[in-house]
Amino acid sequence: MKIFDTHAHYDDDAFDPDREDLLASLPTEGICGVANVGYKKQSIEATHALADRYDYIYEVLGFHPDETWEMEAEKDEILPWLSAQLDRPKVIALGEIGLDYYWDKTEREIQKKWFRAQLSLAKEKNLPIVIHSREAAQDTLEILKEAAPAPGTLVMHCFSYSREMADIYLKMGYYLGIGGVATFQNAKKLKEVVAAAPIGQILLETDCPYLTPAPFRGKRNDSRKISLVIKAIAELKGMEEEEVAGICLENAYRFYRLPQGKDGVK
Ligand code: NI
């Protein structure tokens, strides 16, 4: 079974004790690709270092809504800077961008301004988009309708909204990012979403070190644990695990516009 982890944060401090050993071992355990998401300046630079070092690690770069204060502080200089980072050879998408009204770490109007600015940059750069949206369903949808990225070019990472909202995004031709939460016993709403969503529009992700699948909740997550998410999806959809894994792998390559069997894939 080959797995592409479409959303990970291996630059996180949680991996400091054993990052090198872990990342060296993942390709021998079926992980054929990882999209590491650099979500603020420091994390973007750390993502460059990981992508330079490991064949199978790709870069997704942008400013997380919580971190848009960093963009606001640099105003005119920040978009040219981000644009230059996106020109690196292993950059496969712009993200994670969006709105987060749960943490409310940055003023909402500032979040919206830089969400729109980064959506325009993605269009200019012709890059797929990774969305982070938490407790901001209506405003996110409104801004995405305005920007109208093409079908197939956007994923709602760690999808956490209703079945109705899922249907809207699926009809727009976008992907849903599904991870550890799908294995949680109390995640009734998400299980309904997964059961109903076409398998061709699901991307597998960890968001590691966070959102570790059951029965390892509370422990550190890593890409190998996606096998537990595959198991949960297979059960919900009445499919074989191998089939779920195979289709989601193709989805990841299609979304990130990577040729199958390219570097890193064993
Ligand atoms: Ni993330």
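One-based numbering, in listed order, for ligands and for the atoms of each. Count residues from 1 along the sequence.
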| message | Assess whether a salt bridge exists between Glu70 and Lys41, defined as any Lys/Arg side-chain N lying under 4.0 Å from an Asp/Glu carboxylate O. | response | no
| request: State which residues pass salt bridge (Lys or Arg N to Asp or Glu O under 4.0 Å) with Asp87; sequence neighbours excluded, sorted by chain then number. | output: Lys125
| Should the pair Arg220 and Phe15 be classed as cation-pi, given the thresholds of under 6.0 Å to the six-membered ring centre and 45° from the axis? | no
| Of the protein N/O/S atoms, how many lie under 2.8 Å from the Ni ion (ligand 1) | 4
| note | Using a 4.5 Å side-chain heavy-atom cut-off and chaining through intermediate ILVMFWY residues, the residues clustered with Leu228 come out as Phe216
| Can you say whether the rings of His7 and His157 are parallel (under 30°), tilted (30 to 60°) or perpendicular (over 60°)? | parallel
| task | Please identify each residue that fulfils side-chain hydrogen bond (donor to acceptor under 3.5 Å, both in side chains) with Lys189, with sequence neighbours left out. | result | none
